[in-house]
Protein chains: 2
Amino acid sequence: MTGQSPRGDLVPSGIVAMLGTRGPTSRTAIARNLGLSPATVTQVTKDLIARGVVEELESVPSNGGRPARLLGLVSRTGVALGAKVTADHVAVVTVELDGSVRSSGSHEFDPRAADALDRLGRILTQEVADLDEQLFGVGVGVPGSVDSQASGIVDAPTLGWRAAQVGPVLRQAVGTPVLVDNDVNTLAAAERLYGIGREHSSYLVVTIGRGIGCGIVVDGGIYRGANGGAGEIGHIPVWDPSTEPPPCTCGSTGCLEAYIGADGLVRTARGRGALGPRGTLAGLLRAAASGDESARTVYAEAGDLLGRALAGVIHTVDPEVVVLLGEGVDGWEYWNAGFEPSFRRSLLPARKAVPVFVEPWTEDQWARGAASLVLASPFDSAGNGGEQSRLVRARLGAS
Amino acid sequence: MTGQSPRGDLVPSGIVAMLGTRGPTSRTAIARNLGLSPATVTQVTKDLIARGVVEELESVPSNGGRPARLLGLVSRTGVALGAKVTADHVAVVTVELDGSVRSSGSHEFDPRAADALDRLGRILTQEVADLDEQLFGVGVGVPGSVDSQASGIVDAPTLGWRAAQVGPVLRQAVGTPVLVDNDVNTLAAAERLYGIGREHSSYLVVTIGRGIGCGIVVDGGIYRGANGGAGEIGHIPVWDPSTEPPPCTCGSTGCLEAYIGADGLVRTARGRGALGPRGTLAGLLRAAASGDESARTVYAEAGDLLGRALAGVIHTVDPEVVVLLGEGVDGWEYWNAGFEPSFRRSLLPARKAVPVFVEPWTEDQWARGAASLVLASPFDSAGNGGEQSRLVRARLGAS
DNA sequence: CCTACTTCCTTCGGTACTAAATTTAGTCAA
DNA sequence: TTGACTAAATTTAGTACCGAAGGAAGTAGG
């Protein structure tokens, strides 16, 4: 409804990104998906074709009317670099336009070192230098809250970072656009492009693992809240007033995460003797898999707690669907024994049937999500990415 | 960023609504508040002035540069009609552009009668007929979920309504635009125009009373969720696993509302002997006011539960501020004894200081909120109001 | 083969906005 | 009272989109 103005070529770059991430598409399909009129798509693609960015491909068979002419990118070479920062390493991947991982690697990293940011910059600079193809940009996922993707100022207690200038430092180091976001939001961005987001426009991406997180996608855009802190469901208070609440990494006690985050599970299991005093989460999972009832109970109770908390989140946000991700889903069948009953039971009648998809987890998913930040920026009409998104769009060929 | 097209004169009607609700304003201030360029405001106001809808008023003193020229509406006459439907009556008010209540009334109403909707239609038709000035539209607030303001299909268990065709029937009956929404959302709309929304663009409107509700405002727009069911925080599960959870009106058990809604409070108080078996909520409040410790404890515990649940909501939504409203705030000082400690204690460090405003409550506030739906529709760029908003805008003189 | 219909795409004219430059109207200091 | 400044409003010259209407390319039925 507004006009135009160099807010940054949202439409042309959106078309390019769409063709890159979803493959050849007809003009009308593009129009439907991006919410544009066919007329606009014709105009813009005409220009893109003239500039050699896009080409016409074969026609599709026709379903009743004039057959659609597919459009595709002339050159699909080019990657996005994604990095996920953790307490002891940085995982890095390169991702092609269609979401496939080209290469992946890992670097030791101490976020509490005095020169941590410089070191991170050197790691990424090296990765960038090793590439021999076009780089659209760098995405970084951190376990903490980020003011905005475009600036990239990070508060991450688990890394010991407070107002860390991640974005500015990295932009200085690598000469490309750099987008920074909360790690869960990066997964939400990946889902947006390559997962559930293709079929739904409003969903939750819930992660279980070390912490419990939640990315909120509304109308195709990541919802970040007033201060970039939305979705911190790991810190929903759930403690039972009659017991001593366990301490949480956030400094408070009785948070959901303190019970059912990786550390919480292990603590509970040890406390009950389901695990020896040196037992690990992997051990708990093995025990459950081998039929150990007490181990399974630990999981089931965690699932129960998660189910209740998530029902509350669904009542406040009302998404279409929920996606479950994270290291923790490995043991989902044991979680689920407690989750399903408590989750469904707690939902309002109108929402009893909200679908929950549990996706298999792979190691490089975090970093891949970070890379998705880059490729998702053309779709980011809310403007989370600001200037950096503009630069990415320019690199996508939609100058 | 898009173009134009008869999506319904958002800008001119937005300017008119702004002048109506906030009083005389300069062009540049309008531009800032509506997110437009000064050029656009100049153009549009020129047209409005030429059409006699808007006029130039005096200048303001000047703060360094050219003094701003205030613009105001030529005629500020005209009202919006608001109706709030409850289980036993319909409250109706007429509201002027600036938010002041011109008149109010109440009608007996049985929502479970076979001809309930027709009766509601007759009530409103009569009210409309009694008016002797321009009517911009009718807003209706219902305690339930509504598919969209524009259509107005209602599910409201407490009224016994299932897919009730409130919008269509009323539009048929009264010949004006009719907007229908969840009652809490109507309060959020009123806050948007006349309350906290003038200073913040992202906040929660939490109501305590018979039920517990929450309106979510994001970037100046009411967030309704995928199915119009966002903000149902009254049904967040909070029961303590070691006790028998109380039943809730929603059919489930252990919902927040079952504990701290009006009925829940009374049940608890009776169970503890803080109230006789025939005691009412008003009695509980009197007891607390007169210093009764057991009554105060009932309130404080409710406050504690609310604080914990609300902290969870804040972690997932991350609003700037929270506004507390509803019949229940009458006894807020007793709630607060339990609320403050538990609320603050449960918040993440970064959000410990989120402000909570408790506003005084008046009887006609629900109906006034419903009327606000009408006057808020010109600001509704998300398009919740659809066709009905268009009609309202046309009546505001911005044809 | 012709006609009707469907779907995809394009052309055309118009509209609602914008940024940038400019004009207007005031303050303040010397 | 002149000049430097600031802020408000306007003018100008675009731009990015849209709707409506129509052309293009197929299918389905006669």
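To find a chain, count down the sequence lines: A is the first, B the second, and so on, and within it residues start at 1.
By the side chain to side chain donor-acceptor pair (under 3.5 Å) test, B:Thr40 is found to be paired with B:Ser37, residues two or more places apart in sequence or in another chain being considered. Scanning for salt bridge (charged side-chain N to carboxylate O under 4.0 Å, His left out) contacts around A:Glu96 gives A:Arg102, with sequence neighbours left out. With sequence neighbours left out, the side chain to side chain donor-acceptor pair (under 3.5 Å) criterion links B:Asn33 to no other residue.
Using a 4.0 Å cut-off, some side-chain N or O of A:Ser37 falls inside it from OP1 or OP2 of D:dC18. A sub-4.0 Å separation between OP1 or OP2 of D:dC18 and a side-chain N or O of A:Thr40 is present.
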Report, as a single string ordered 5' to 3', how protein heavy atoms within less than 4.0 Å touch nucleotides 5-12 of chain D: B base, S sugar-phosphate only, - not at all.
-BBBSBBB

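Here the rule is side chain to side chain contact (heavy atoms under 4.5 Å, CB included) with A:Pro168, and of A:Val178, A:Val180, A:Ile153 only A:Ile153 fits it.
Residue pairs meeting the salt bridge (Lys or Arg N to Asp or Glu O under 4.0 Å) criterion with at least one partner in residues 64-75 of chain B, sequence neighbours excluded, are B:Glu56-B:Arg69. Identified under the side-chain hydrogen bond (donor to acceptor under 3.5 Å, both in side chains) test for residues 168-182 of chain B, with sequence neighbours left out: B:Gln149-B:Asp181, B:Asp181-B:Asn185, B:Asp181-B:Arg224.
Rounded to whole Å, the distance from CG on A:Leu36 to P on C:dT10 is 15 Å. Taking atom CD1 of residue A:Ile30 and atom P of nucleotide D:dC17, one finds them 14 Å apart after rounding to whole Å. Atom-to-atom, CG of A:Leu10 to C1' of C:dT18 comes out at 15 Å; the value is rounded to the nearest Å.
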